[in-house]
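Okay, so here's the structure we're looking at.
In this chain, numbering begins with 1 at the start of the sequence shown.
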Amino acid sequence: MSQLDKINISLKGIGQYLKLKGLIVPKYQRDYAWEEKHVNDLLIDISNALKNEEKEYFIGSIVVKNNENDRSEVVDGQQRLATITIIINSIKSIFEKEGNERKAFQISNDFLMTHELRSEEDVPRLILNDNDHDFFFSHVLNDKPNQSTKKDLRLSHQKLLNAKKAIQSKLTQILDANNQNSDVLIDWVEYIESKVKVIWVEVPDYANAFTIFETLNDRGLDLAISDLLKNYLFHKSASAIKQAQQNWITMVSVLESADNNSTVVPYIKYLWASYYGNVREKELYNKIKDTVKTKTKALEFSNQLADNSNLYTALLYSDHRYWSEFSTSTRKNIRTINDLGMVQIRPLLLSMLPKFNKKETEKSLNSIVSLIVRLIVSGTLSSGVFERHFSITAMKIRNEEIKNQDDLLEGLKSLTPSDERFKEAFQTFTISNSTIAKYILSTIENFRRNDQGSELIPNNDETVVNLEHILPKKMNENWSGFDEDEHKLYFKRLGNMTILNSRKNSRIGNKSFEEKSPIFTDSEFIITKEISIDSQWTKKSISVRQNQFANDAINCWKMK
């Protein structure tokens, strides 16, 4: 009998599968991810189906790998299984609060918990992955108080709590509409048990599981790209699947330990671009399928995903241990790259850092920061052009066509604005991003100050140093020298901005230039103090000041 013959497909109510099967979400699967909208949509659909006395409500397919005597592994369907479990558990809790222990016990025994004889412990019929299991069991199913603040919670844990809250709210509405007659919730349990239908696909091995998974999801369903990529790599890894799974677990663990936000897909996108060329996120899955067609390729790429994950997290944080042996200026450059928001450079950095020695890396990062500032100020190329060029350069670094800073600058030459073009663009540069504006002004301040032998460094903390618009955002009678159109033109000019102690900035408000001038005079910053030289603030004042900044900019952001 072939393995294909051992695939079992059945159509039953999802509650019946919860009663019959012990299920586990493998640790390589993603965390609970449903938003409140998804939960509410499911609740509304079930409620409407019950109200309309529909014979069944179909919620798709669920794929599991049969592990004979052990729990079946959920390959596809954990979000629905977990949410249905929370619905049933919330109904059980309502009966418990009413004192109806018998109904509560029966619901728990049928759908939620099994009692292990050897350990004498109750365990959930559905066990989520390692990240979510303990929280799901303690705080969702067993209602233990959660002491963590919202800020400290894992994103998946917050989503589990949000799902539980949305479900409890819906059930309360149902009870209120039925005069608190809790028997209506028995209708819900019975409907979920036999009428909320799923196609249950039970397969004997991973190869079949991932083939079925891909086939079922080849209809344009709203599925996470990371799930598609993961399952495709596992499928292609064949007999090496355990290594591919371990690589995936390693990658996700490293990324999530650094950032609770979803960084998996951006990371894979940038890493892929560094090896194989630029790709848009929506095309990533198909690009990988077209390239990774063998077991060897799948294992090679899964190794690359694991091996480079730590390096990627280092790109996100300047205080990462990776940078401990680098200079302070290098760590500052990494922080600056992130502050400037040029994520398109990441494929290049993923290629460069393992290939260049420490000295060439530090020199190249200086050049990269200067390039990014020049590109932002010049503003003549789209982000798509940036991405393509950086990806091409990244591949050349991997192929060792580019080996040092000189090679890198030559490779980026066609993208790099010249001094003349940079200076010209800087003279009329306008900006809305306060973080970038403050960085540029602080850099010019440091350049001026270093030229005078001073060591004062403007603080990046907004509670200490803030961005001040000399000509204020809102016009008033104190600024009659600008009409409405002129205000729009000059307000966002860099020459109209400065850095100022936050305490002073909060006092200065929309006051007239005459009232602001003494505060500028009292500032510790050179570029702020010099503003008070003018007796009034005019269009010419802004232009002259910005032209001076443009001269400084050539020296602040040298390419080499």
Side-chain angles (χ1 to χ4, degrees), residues 3 24-31 33 61-65 67 73-79 129-131 201 203-257 262-313 346-347 350 391 395 398:
Q3 291 295 307
I24 186 168
V25 177
K27 56 186 177 181
Y28 59 77
Q29 293 283 28
R30 66 173 170 152
D31 299 345
S61 57
I62 289 177
V63 182
V64 300
K65 175 183 173 291
N67 287 334
E73 294 182 33
V74 180
V75 176
D76 183 27
Q78 69 145 319
Q79 310 296 331
N129 70 8
D130 289 355
N131 288 335
V201 184
V203 297
D205 56 32
Y206 286 117
N208 281 293
F210 301 132
T211 300
I212 294 292
F213 174 89
E214 185 175 19
T215 301
L216 290 172
N217 289 292
D218 195 28
R219 305 187 307 275
L221 299 183
D222 184 17
L223 192 73
I225 294 175
S226 58
D227 281 347
L228 288 168
L229 293 173
K230 172 188 62 188
N231 285 284
Y232 179 76
L233 287 176
F234 288 178
H235 174 41
K236 285 299 179 183
S237 297
S239 60
I241 187 170
K242 289 190 181 299
Q243 181 61 49
Q245 288 174 340
Q246 186 55 54
N247 284 337
W248 189 272
I249 293 167
T250 298
M251 174 194 72
V252 171
S253 298
V254 170
L255 295 178
E256 288 191 348
S257 67
S262 181
T263 55
V264 172
V265 175
Y267 163 60
I268 297 175
K269 174 182 180 293
Y270 296 132
L271 186 66
W272 181 268
S274 75
Y275 279 99
Y276 303 101
N278 185 50
V279 59
R280 290 187 294 178
E281 189 170 297
K282 65 180 182 180
E283 297 171 347
L284 180 61
Y285 177 58
N286 288 330
K287 284 283 187 181
I288 291 177
K289 280 183 66 177
D290 290 343
T291 306
V292 180
K293 294 183 177 181
T294 65
K295 168 185 166 183
T296 301
K297 276 285 188 182
L299 194 58
E300 177 187 25
F301 188 53
S302 75
N303 285 334
Q304 290 167 350
L305 290 175
D307 293 343
N308 288 276
S309 56
N310 188 63
L311 181 60
Y312 184 74
T313 62
R346 287 177 181 169
L350 285 168
S391 296
M395 289 190 292
R398 290 209 185 273

message: Under the criterion side-chain contact (heavy atoms from CB on, under 4.5 Å), I'd like the reasoning laid out for Val292 against Tyr276: C-alpha separation, chi angles, the key distance, then a yes or no.
response: CA-CA 11 Å; Val292 180; Tyr276 303 101; 5.7 Å; no
Do you know the tightest heavy-atom contact between [X] and [Y]?
X: Lys295; Y: Ser239; answer: NZ-OG, 2.7 Å
X: Val74; Y: Val64; answer: CA-CG1, 4.2 Å
X: Ser309; Y: Leu255; answer: O-CD2, 4.1 Å
X: Ala298; Y: Lys236; answer: CB-CB, 3.6 Å
X: Glu281; Y: Lys269; answer: N-CE, 3.8 Å
X: Pro347; Y: Ser274; answer: O-CB, 3.3 Å

Gap separating the [atom1] atom of [X] from the [atom2] atom of [Y], nearest 0.5 angstrom:
X: Leu284; Y: Lys289; atom1: CG; atom2: NZ; result: 12.5 Å
X: Thr250; Y: Asn303; atom1: OG1; atom2: CG; result: 10.0 Å
X: Lys230; Y: Ile268; atom1: NZ; atom2: CD1; result: 10.5 Å
X: Tyr270; Y: Asn278; atom1: OH; atom2: CG; result: 10.0 Å
X: Met251; Y: Asn308; atom1: CE; atom2: CG; result: 11.5 Å
X: Asp31; Y: Glu256; atom1: CG; atom2: CD; result: 5.0 Å

task: Would you check if there is a donor-acceptor pair between the side chains of Lys297 and Thr291 at a distance under 3.5 Å?
output: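 Thr291 vs Lys297: no donor-acceptor pair found between side chains.
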message: Any side-chain to backbone donor/acceptor pair from Tyr232 onto Tyr285? Under 3.5 Å, distance only.
response: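 Pair absent, no side-chain N/O of Tyr232 close to backbone of Tyr285.
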message: Is it the case that the side chain of Asn129 and the backbone of Gln29 share a donor-acceptor pair, with hydrogens and angles ignored and the cut-off at 3.5 Å?
response: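 Checked: pair present.
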query: Between Gln79 and Val25, is a side-chain contact (heavy atoms from CB on, under 4.5 Å) present by the stated rule, with each step listed?
result: CA-CA 10 Å; Gln79 310 296 331; Val25 177; over 6 Å; no
- request: Test Ser237 against Gln243 for side-chain contact (heavy atoms from CB on, under 4.5 Å), laying out the working first.
  value: CA-CA 8 Å; Ser237 297; Gln243 181 61 49; over 6 Å; no
task: Would you please indicate if the ring centroids of Tyr28 and Phe234 are separated by under 6.0 Å?
output: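 They qualify: ring centres under 6.0 Å apart.
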- request: Could you walk me through whether Leu229 and Phe301 pass the side-chain contact (heavy atoms from CB on, under 4.5 Å) test, one step at a time?
  value: CA-CA 11 Å; Leu229 293 173; Phe301 188 53; over 6 Å; no
Thr294 side chain reached by Glu300 side chain, heavy atoms, under 4.5 Å: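 Glu300 does not reach Thr294 side chain to side chain.
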query: Side chains of Leu305 and Tyr267: closer than 4.5 Å at any heavy-atom pair?
result: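 With C-beta onward as the side chain, the pair touches.
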- prompt: Which residue, Val63, Val75, Asp76, forms the side chain to side chain contact (heavy atoms under 4.5 Å, CB included) with Asn231?
  reply: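 When side chain to side chain contact (heavy atoms under 4.5 Å, CB included) is applied between Asn231 and each of Val63, Val75, Asp76, only Val75 qualifies.
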message: Please enumerate all residues that pass side chain to side chain donor-acceptor pair (under 3.5 Å) together with Lys287, with sequence neighbours excluded.
response: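 Applying side chain to side chain donor-acceptor pair (under 3.5 Å) to Lys287 gives none.
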